[in-house]
Structure formats: structure tokens, C-alpha cells
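Protein chains get the first letters and strands the later ones, always in sequence-line order, with residue 1 at the start of each.
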Protein chains: 2
Amino acid sequence: MEEDLFKALADPTRRVILDELTDRSGQSLFEICARLATRHGLAISRQAVSQHLAVLEAAGLVTTRREGRYKFHDLDTRPLEHIVSRWLTPAPPEDTP
Amino acid sequence: MEEDLFKALADPTRRVILDELTDRSGQSLFEICARLATRHGLAISRQAVSQHLAVLEAAGLVTTRREGRYKFHDLDTRPLEHIVSRWLTPAPPEDTP
DNA sequence: ACGATAGGCAAGTAGCCACTTGCCTATCAA
DNA sequence: TTGATAGGCAAGTGGCTACTTGCCTATCGT
């Protein structure tokens, strides 16, 4: 859903998570939490990060794979190409809410 | 401001306005209102559109010029290039809210 | 000058969203 | 099996935001 993509990008914390996954894809929830805290000074609860990841997954920006008790998160930037092409290239309008 | 850009893109009505300005740049507030109604079926008040345009202008996506009692709105897509390059190319992370 | 058109300002409201809190399930190590 | 680790679910709360309403200013045509 196109709507989900823009909603996902609207939050600064989610953008930092994308930065984190750009730096190292395939992190678990706890890894992401730790790196948000240590490298970005973000004091944020595990649930908050979990909810952000769900939003990013709904937007197609993150894919997940389960391995035992771990769940790894991988970045998928393909939806992003798709977004700028809407206005940078002469393309027809899309959603009408 | 980077934050303003993503916030601006988060709203579906604002994205349709960008579509409208992509189709024809330099429209006045009333023109945009009319075309949102006729071409997109959006029953939206003039003030709402005005506020949306202010948000788009704060994001740098729209520039305005006054001529008499008219105020024309022009599209500027440059901030958009800037946004996807953050994750599509190996670039350093940015905002930490 | 007067009415009509184009737009601005400000306050109020309703709905959404990020975040927390509390509890629960599942996997692994000892 | 027990405890610890990794994650999920659900309800509640505070703040932000899109939209409306009402009134005001400025420019143009006649």
C-alpha cells in the first residue's frame, strides 16, 4: 500500500531504524534497541521499536525471518525507488483518498 | 528541515496537491481547490488546502509568488532527490530526534 | 466608492498515533 | 525442569494534526 509507505517514513525514529538497517541488515529486535540507545541516544522501549518495525514491514521496507527464538529484520529499499518516480518523472497521479 | 519534508509527504491530500502541481505548476489557491474537487472528488475547504500548501512550502516542495491579489504556487521537486539518496546510496545517517 | 474576488489569521474540535504498562508465549542453556 | 532470553498482545494515555468555523485584510472591476 502506497499510503503505508509514506506513513512509515513520517516518523523520525523509524527513519533512524532504516539507517541502522542500512548500516547492518538482518538485526534482531534487541540489537536494534541496543544500537538505537548507544549510537543515537534514543531511550525507547522494546515495544515501541517492535511497533515501529511492524509499521516498516507493512510498508514493505523491512522483511523478517524467524530463526528459533530470534527474528531478524532485513532492509528492502525497493519501495523507495517507486516513490520519487511519482513526481520526479512525468507520471500519472495515483491515490485519491 | 528534513523532518518537514517527510511530514509533508505523509498526508494523502498533500500528495494529490503535488500531483496537481506536477500536472500544472503555478496554480492559485482557488484553482487548486477547484481541481481537487473536480478531478479527484475531494470535497475540501479552502482553508484546509491553504494549510496544506503552507506545509508543503515549509518542506521546500512548493514556492510561492504574489501577483496582485493572486498567489501562485510552484512545484520544487529538488528536496525529493535528497530523500531517497539517504537509503538507496550508502550515505551516513542523519537526524536523531 | 462599492461589491466581489483572493487570501490570511486564530481558536476550537475530533481523530489518529507514538509510547507505555502489564502480562503472556516460545525457545534455549544449565 | 527451571530460569533466562527473545518476542508478542492488548488496553490506556497524551500529544499532534487535519479540518472546520468565523471573521478580517487586500486587490480588482465597474
Quiz item: At their closest point, which heavy atom of B:Trp87 faces which heavy atom of A:Thr77, and how far apart are they?
Solution: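 It is O-CG2, 4.0 Å.
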Quiz item: What's the shortest heavy-atom distance between A:Ala8 and A:Leu56, and which atoms?
Solution: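 What the structure gives for the nearest pair is CB-CD2, 4.1 Å.
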With a 3.5 Å cut-off and heavy atoms only, can you find an N or O donor on one side and an acceptor on the other between the side chain of [X] and the base of [N]?
{"X": "A:Arg66", "N": "D:dG7", "result": "no"}
{"X": "A:Arg46", "N": "D:dG8", "result": "yes"}
{"X": "A:Gln51", "N": "C:dT20", "result": "yes"}

Can you tell me the distance, in whole Å, between the [atom1] atom of [X] and the [atom2] atom of [N]?
{"X": "A:Lys7", "N": "C:dG15", "atom1": "NZ", "atom2": "C1'", "result": "11 Å"}
{"X": "A:Arg69", "N": "D:dA4", "atom1": "CZ", "atom2": "P", "result": "13 Å"}
{"X": "B:Asp11", "N": "D:dT17", "atom1": "CG", "atom2": "C1'", "result": "9 Å"}
{"X": "A:Leu29", "N": "C:dT27", "atom1": "CG", "atom2": "C1'", "result": "15 Å"}
{"X": "B:Gln47", "N": "D:dT17", "atom1": "CD", "atom2": "C1'", "result": "16 Å"}
{"X": "B:Glu57", "N": "C:dG7", "atom1": "CD", "atom2": "C1'", "result": "13 Å"}
{"X": "A:Leu53", "N": "D:dA6", "atom1": "CG", "atom2": "P", "result": "15 Å"}
{"X": "B:Arg65", "N": "D:dT27", "atom1": "CZ", "atom2": "C1'", "result": "17 Å"}

Quiz item: Want to settle it: does B:Glu31 or A:Arg14 sit nearer the 5' end of DNA chain C, counting the closest nucleotide to each?
Solution: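 That would be B:Glu31.
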Self-check item: Which residue lies more 5' along DNA chain C, comparing B:Phe30 with A:Gly68 via nearest heavy atoms
Solution: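 Nearer the 5' end of the strand: B:Phe30.
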Practice problem: Drop me the distance from B:Gln51's CD to B:Ser45's OG, to the nearest 0.5 angstrom. | Solution: 7.5 Å
Practice problem: Return yes if a side-chain donor-acceptor contact under 3.5 Å exists between B:Glu31 and B:His73, otherwise no. | Solution: no
Quiz item: Does one side chain, of B:Glu57 or B:Thr63, offer a donor that lies under 3.5 Å from an acceptor on the other?
Solution: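 Result is no, nothing qualifies.
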Counting only side-chain nitrogens and oxygens, does [X] get under 4.0 Å of the OP1 or OP2 atom of [N]?
{"X": "A:Ser45", "N": "C:dC19", "result": "no"}
{"X": "B:Lys71", "N": "D:dA26", "result": "no"}
{"X": "B:Thr64", "N": "C:dG7", "result": "no"}

Exercise. Please determine, for the side chain of A:Ser28, which listed nucleotide (C:dG7, C:dC19, D:dG7) has the closest atom?
Key: D:dG7
Exercise. Output the single nucleotide from D:dC19, C:dT20, D:dG8 whose closest atom is nearest the side chain of A:Ser50.
Key: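 Taking heavy atoms from C-beta onward, the closest nucleotide is D:dG8.
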Exercise. Give me the one residue out of A:Leu53, A:Leu21, A:Leu9 that meets side-chain contact (heavy atoms from CB on, under 4.5 Å) with A:Leu61.
Key: A:Leu9
Quiz item: Can a cation-pi geometry be assigned to A:Arg66 and A:Phe72, taking NZ or CZ under 6.0 Å from the six-membered ring centre and within 45° of the ring axis?
Solution: no
Quiz item: Quantified as the angle between the terminal helix axes (five pairs each), what is the overall bend of the helix from C:dA1-D:dT30 to C:dA30-D:dT1 to 10 degrees?
Solution: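 The value is 30°.
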Quiz prompt | Test log, rule side-chain contact (heavy atoms from CB on, under 4.5 Å), inputs A:Leu75 and A:Thr22 | solution = CA-CA 7 Å; A:Leu75 185 64; A:Thr22 299; 3.3 Å; yes
